[in-house]
Amino acid sequence: MEEELKCPVCGSLFREPIILPCSHNVCLPCARTIAVQTPDGEQHLPQPLLLSRSSGLPAGAAAAPSLEHDAAAGLACSGAGGSAAGGLGGGAGGGGDHADKLSLYSETDSGYGSYTPSLKSPNGVRVLPMVPAPPGSSAAAARGAACSSLSSSSSSITCPQCHRSASLDHRGLRGFQRNRLLEAIVQRYQQGRGAVPGASAAVAVAICQLCDRTPPEPAATLCEQCDVLYCSACQLKCHPSRGPFAKHRLVQPPPPPPPTPAEAASAPTGATQGAPSGGGGCKSPGGTGAGASGGSTTRKFPTCPEHEMENYSMYCVSCRTPVCYLCLEEGRHTKHEVKPLGAMWKQHKAQLSQALNGVSDKAKEAKEFLVQLKNILQQVQENGLDYEACLVAQCDALVDALTRQKAKLLTKVTKEREHKLKMVWDQINHCTLKLRQSTGLMEYCLEVIKENDPAGFLQISDALIKRVQVSQEQWVKGALEPKVSAEFDLTLDSEPLLQAIHQLDFIQMKLPPVPLLQLEKCCTRNNSVTLAWRMPPFTHSPVDGYILELDDGAGGQFREVYVGKETLCTIDGLHFNSTYNARVKAFNSSGVGPYSKTVVLQTSDVAWFTFDPNSGHRDIILSNDNQTATCSSYDDRVVLGTAAFSKGVHYWELHVDRYDNHPDPAFGVARASVVKDMMLGKDDKAWAMYVDNNRSWFMHCNSHTNRTEGGVCKGATVGVLLDLNKHTLTFFINGQQQGPTAFSQVDGVFMPALSLNRNVQVTLHTGLEVPTNLGQPKLSGN
């Protein structure tokens, strides 16, 4: 987590961090060192560009700051020993920097700009060159002149991480919000690991931030607008009480807080009070830093910068910033969406926690993946040694003629092993780096969630949520899979003749590995099953095809149902309400590989089917998703269902939607090869009951039997019960059995069938359980 708490400029822990418009953080003293003066050439831009630049400034910023307000930007003159103070004075001068002008007007809608760095610090942050002092003047006077030069131009700051620039308004760096949440976490982190040695000596006394003396003089005044400490001499030179500085308020330097016991214990003996710390330029006013503030001070919640006596109470969703009630009364957020601060605090905490759960799961998977990679390392070592031993034994058996070839083969094995080891180590290092970054971000986010400062949390929650989401997205699919296998696909054939020894090389003679069934793609529908499989990763053995085997649905012997190169197969015509076991194996020229694991597939309990438009007569008219049938001819035409039955008990119903002129529709079952241009049952491929409005008959091979009173009309329902366990076919009308059992000794494969003419329309209902409360059969006539 420590990397999350370090300033990107100085590389030390954050001290008085501020939040830039791009949501990144930087120390306030470091911000002074990277704040730059807008080049003078920009002031001569055409009026439209100047206006567009003004519209891109953050809310509350002045488009054309006055001399007095620009002088307030002189706070940029302070920093790490004043190293950047002179650079500001030369920002618009010198030929080298004219090529480095900020393009603040290039992105008018965002208020940001970009630049091409010319001079950089060791941390990659742009630092402007020092301005040479006029002849006869001191370095301190040069710094004062640099600060004064800001009074005639505006300033900007560039984020050291994303390199986006933002203009400073009349408040200067004070216009950026203080990240008190991050400051508190840094303080708690420092207390947890103990105070930094020398910290108590560094905060013993406030020192001047512009002195060129060694050691610097104690500070006598603090400018509240510039946020810079001056000794008496430097205050007269660099901050005279006249001109644009006349309205600046000078106060006594704040007394440093007493050192904590940990700081006192860790301070080196004989440390000179007033000596500046070696923190790399992150001294805060009074020489104190966030880490030296001590844990005994009471934490103060932030107040509104526009109304210093008012606490934050609401959150502007449009501006993404906390506001007080006076800001709302003044109408600054009239058309913005404003919500209670506490509600938004809880909402953003929940979002961050939810995002953290995803990263936590990925981190857990990454740890397990590292264990897997380390196991692969061991396996690669062991398998490599085994292959080497086998290779040496075979080569020694080939006498002198194999000596030179043996060395070549050993080299190949060694290279293969080194390649695998290198790939695995590279993946381990890459995954470890990602895991460390994700873990650091998680720990930091958890510390943020512990905080009870809604305003401070909401200042950084959006950026943290985005970072956590980006961190989660880096664990893309396949990132946690090894790139190499521990197996060595190297087999030596020692049987060729001696004259072929010089051509000896590794060849592929391994059987194909076990196929992997893709259970997520395996499924059943009615009496059909679909199976899918693939070969495991890192498979180098060739595969010529696959053999799919299926049992009989009753625990019997397996039988081959497919042989080919495809890895997806659908088997139709199985039994309903049956459990099938399936397995697959691969084969190549070396033979047949082992079987895969057995997958168990359950076919549907009941049949769902429709009328088959492909098998029906051309005069048949289907509608309602092929569930309703009629005919365009006065002659009877046959249509079949899409299901086929060979086992089990099945029941379906047909509802008579239209019945005109007393036709004789026929209902029953048939073979797929039934004649379709005459009434069902007139040939030997169909078993049917035909019925009019008064009576019904059973018919097979044009033989009419069992006339039964009772017919159909509009709204009637005809039920068909096919019991292939008892090999019987029975019919029902409106829930009552129509006559005795129509047919016995029914055996084979049957499809639901219907014949009708244009005077009848019926609708098919399937997927029905076998009814148990059907009425007794009606007595049949002669």
Novice: Between H348 and Y315, what is the ring plane arrangement, given parallel below 30°, perpendicular above 60°, and tilted in between?
Specialist: perpendicular
Novice: Is any side-chain heavy atom of S165 closer than 4.5 Å to a side-chain heavy atom of I157?
Specialist: no
Novice: Treating K349 as the side-chain partner and I449 as the backbone partner, does any N or O pair qualify as donor plus acceptor under 3.5 Å?
Specialist: yes
Novice: Can you tell whether the side chains of R180 and E16 come within less than 4.0 Å, N to carboxylate O?
Specialist: no
Novice: Using 4.0 Å as the upper bound for N to carboxylate O, is an ion pair formed by E3 and R436?
Specialist: yes
Novice: Going by distance alone, is a donor N or O of one side chain under 3.5 Å from an acceptor N or O of the other, for Q209 and Y230?
Specialist: no
Novice: If you measure only the distance, is there a donor-acceptor pair under 3.5 Å linking the side chains of H307 and E329?
Specialist: no
Novice: Can S461 and L352 be said to form a side chain to side chain contact (heavy atoms under 4.5 Å, CB included), step by step?
Specialist: CA-CA 7 Å; S461 59; L352 181 58; 5.8 Å; no
Novice: Are C231 and R213 packed together at the side-chain level, in the sense that at least one heavy-atom pair is separated by less than 4.5 angstrom?
Specialist: yes
Novice: Just to verify, what does H333 make a ring pair (Phe, Tyr, Trp, His ring centres under 6.0 Å) with, not counting sequence neighbours?
Specialist: H336
Novice: Can you check whether L435's main-chain N or O pairs, donor with acceptor, with S438's side chain at less than 3.5 Å?
Specialist: no
Novice: If you count the non-hydrogen atoms of other residues, nucleotides and ligands that lie under 6.0 Å from CD in Q354, is the total more than 12?
Specialist: no
Novice: Going by side-chain hydrogen bond (donor to acceptor under 3.5 Å, both in side chains), name the residues that satisfy it together with K434, two or more places apart in sequence or in a different chain.
Specialist: H430
Novice: So do the side chains of V323 and L328 get within less than 4.5 Å of each other, counting heavy atoms only?
Specialist: yes
Novice: Does a side chain donor of either T321 or Q177 reach within less than 3.5 Å of an acceptor in the other side chain?
Specialist: yes
Novice: Of all heavy-atom pairs between Y444 and I460, which one has the smallest distance, and what is that distance?
Specialist: OH-CD1, 3.9 Å
Novice: Any chance you could measure S23, atom OG, to I19, atom CD1, to the nearest 0.5 Å?
Specialist: 7.5 Å
